[in-house]
Amino acid sequence: MSELLRIDHISHTYHSLEGETPALLDVSFHVNDGEFLGIVGPSGCGKSTLLSLIAGLLTPSSGSIYINGKDIKSSGKNIGYMLQKDHLLDWRNTLRNVTLGMEIQHKLTDNSYAQINDLLNTYGLVTFKNSYPYELSGGMRQRAALIRTLLLEPDILLLDEPFSSLDYQTRLEVADDIWDIIRKEKKTAILITHDISEAISMSDRVIVLSDRPGTVKRIIDINLSISDRTPFVARSAPEFKDYFNLIWKELDHSEQKK
Amino acid sequence: MSRKNKKISSSGLNLSAAQKAFVRKHVVQQRRIRIFQIIILIGFIAFWEISTHIGIVDSFIFSSPSGVIKTMIDMSQGGELFYHIGITLLETLISFAIVNIVGIFVAVILWWNHSISKVLEPYLIVLNSLPKSALAPLFIVWLGNNMKTIIVAAVSVAIFGTIITMYSNFKAVEQDKIKLIYTLGGNKKDVLFKVVLPSNIPSMISLMKVNIGLSLVGVIIGEFLAAKSGLGYLIIYGSQVFKLSWVIMSIVILCIVATGLYKILTYFEKKYSR
Ligand SMILES: Nc1ncnc2c1ncn2[C@@H]1O[C@H](COP(=O)(O)OP(=O)(O)OP(=O)(O)O)[C@@H](O)[C@H]1O
Ligand SMILES: [Mg+2]
């Protein structure tokens with residue numbers, strides 16, 4: 001696997017009249033092409049900040065971010081960002097919601113509709129094409145948000161706690177669905193989560209961040225001895241609880257420091 | 001943008017007896033309320049008419065329902081009445097359109113440019129709290145005794161409130177929805193047209209419901225002071241020459257006009273909300 005994304009000694013500090021908040025301090029790691037990377041860390045340690053930096057919504061106070069060896073600003077690569085909530089717009093139906101990104105980027109042509117229909121069909125939303133967000137279940141809304149992101153053909157997908165607003169059972173199902181979609185589309189993904197099990201079950205590698213200002217505490221490769229891996233099946237792998245304990249200890253340590 | 005209404009109806013096929021009874025009770029109650037409302041109206045008119053006839057109140061000062069109707073018929077025959085109604089309606093609609101278009105446009109500019117909004121904030125607050133009728137005499141001096149003055153007076157009544165309300169509605173749009181537009185590669189213009197304006201259509205319509213009333217108030221104040229036509233003029237002129245039938249008739253017509261305009265906006269509000 002070749003390296004796709006490199007985070008190189010990134011620091012970021014927020015400034016306001018009340019003072020400055022260092023959110024990230026000297027963070028470095030890389031992501032390989034086609035890899036699924038999980039990031040866990042205590043609340044407020046700068047995880048969302050990290051994704052905003054990668055997406056180019058913020059400029060780092062110091063350090064650089066490269067895609068395929070080129071600076072993100074000039075790489076011309078597309079980065080898809082899925083926020084914590086689905087944020088479907090209430091006044092648009094499903095079809096007009098999933099095409100929002102294409103509309104903004106002026107990529108919506110008459111030919112796009114075949115592809116859009118395909119995706120809606122594959123992910124079980126085609127019959128809800130004309131429904132409004134309030135008529136959809138939490139899982140459907142999340143899938144619609146993912147399709148909205150995928151239609152822009154991102155090279156890297158950033159997922160910021162995408163399941164946190166769902167109840168536990170839906171969460172397991174949607175995690176399986178979304179993981180499957182990402183694998184099928186052969187996307188590289190970075191997943192942020194509070195849930196250690198979720199991180200292990202979905203990721204090839206997990207990065208543990210420290211308390212604020214966030215630094216990389218540990219990078220853990222996840223190797224599960226099961227065939228036909230899906231996030232749900234992964235939870236019953238024999239190594240699962242060892243990884244869980246390992247990550248939990250890393251996080252626990254940083255909590256105690258306070 | 002219209003959506004299917006999921007209304008409860010009593011015409012469903014398999015409603016339980018309890019549900020039918022519930023619906024029927026509701027209908028009966030609604031009807032009873034309407035009957036009482038009509039009784040109050042008829043009672044009031046009858047009392048008024050009778051008391052002027054038997055001399056409890058002076059019909060010269062209080063006019064009478066029959067007098068009002070007679071005036072109405074007399075004045076509509078020459079088309080005079082419709083002329084006055086038309087003038088007031090025209091002035092109201094022009095002011096209403098100016099208030100909404102300019103108000104929303106200025107609110108967009110303030111939303112777009114944080115510095116401008118900070119600089120203008122104290123001025124807007126002062127102008128908004130000022131009683132606008134105090135300005136009307138000034139407008140007469142500046143603009144003359146004509147329709148321009150009336151429209152400017154009416155616009156001044158509602159415009160500052162519209163700007164302030166719309167601007168704070170624009171600012172209240174969820175921060176994450178704005179972030180969403182940026183994550184999809186959009187810019188500030190996309191934020192405005194894809195999120196800020198569409199999410200505020202309901203609040204614009206409810207503001208318009210307020211503004212139509214305020215425009216009418218402004219126009220009547222303007223006509224009191226600077227007009228030779230319109231319902232406000234009829235009221236002032238009627239009171240000066242002691243033609244109280246004119247005054248009361250104009251007030252009754254004003255009620256009807258105000259209600260009509262409000263209903264039209266309520267219709268649009270229903271159409272554009274789920
Ligand atoms: N716009 C901002 N201005 C000032 N400080 C900010 C801003 N955004 C975030 N912060 C601060 O920076 C720190 C990191 O924020 P961030 O949202 O990246 O954390 P997080 O790890 O995503 O937290 P959570 O797990 O709660 O989502 C927090 O302490 C937060 O208060
Ligand atoms: Mg966060």
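Here is the naming used below: chain letters follow the sequence lines, and residue numbers restart at 1 for every chain. We use all heavy atoms of the structure for the numbers below, so side chains are in, but hydrogens, waters and symmetry mates are not.
Summarising the geometry, atom CG belonging to B:D190 is positioned 8.5 Å from atom CG belonging to A:L100; distances are rounded to the nearest 0.5 Å.
Counting only heavy atoms from C-beta outward, the side chains of B:T183 and A:L158 never approach each other to under 4.5 Å. Proximity of B:K194 to A:I104: side-chain heavy atoms (C-beta onward) are separated by under 4.5 Å at one or more points.
Annotation for A:K184: atom NZ counts as buried by contact number, over 12 foreign heavy atoms lying within 6.0 Å. Residue A:H194 places its NE2 atom among more than 12 non-hydrogen atoms of other residues, nucleotides or ligands, all under 6.0 Å distant. Shown here is A:Y14, whose OH atom has more than 12 heavy atoms of other residues, nucleotides or ligands within 6.0 Å. Around the CD atom of B:Q175, the shell of radius 6.0 Å holds no more than 12 heavy atoms that belong to other residues, nucleotides or ligands. Heavy atoms from other residues, nucleotides or ligands lying under 6.0 Å from NE2 of A:H15 number more than 12.
Only the backbone of A:L88 comes within contact range of chain B, judged by heavy atoms closer than 4.5 Å. Both the backbone and the side chain of B:D176 come within less than 4.5 Å of a heavy atom in chain A.
In terms of heavy atoms, B:K179 sits closest to A:S52 at NZ-OG, 3.5 Å.
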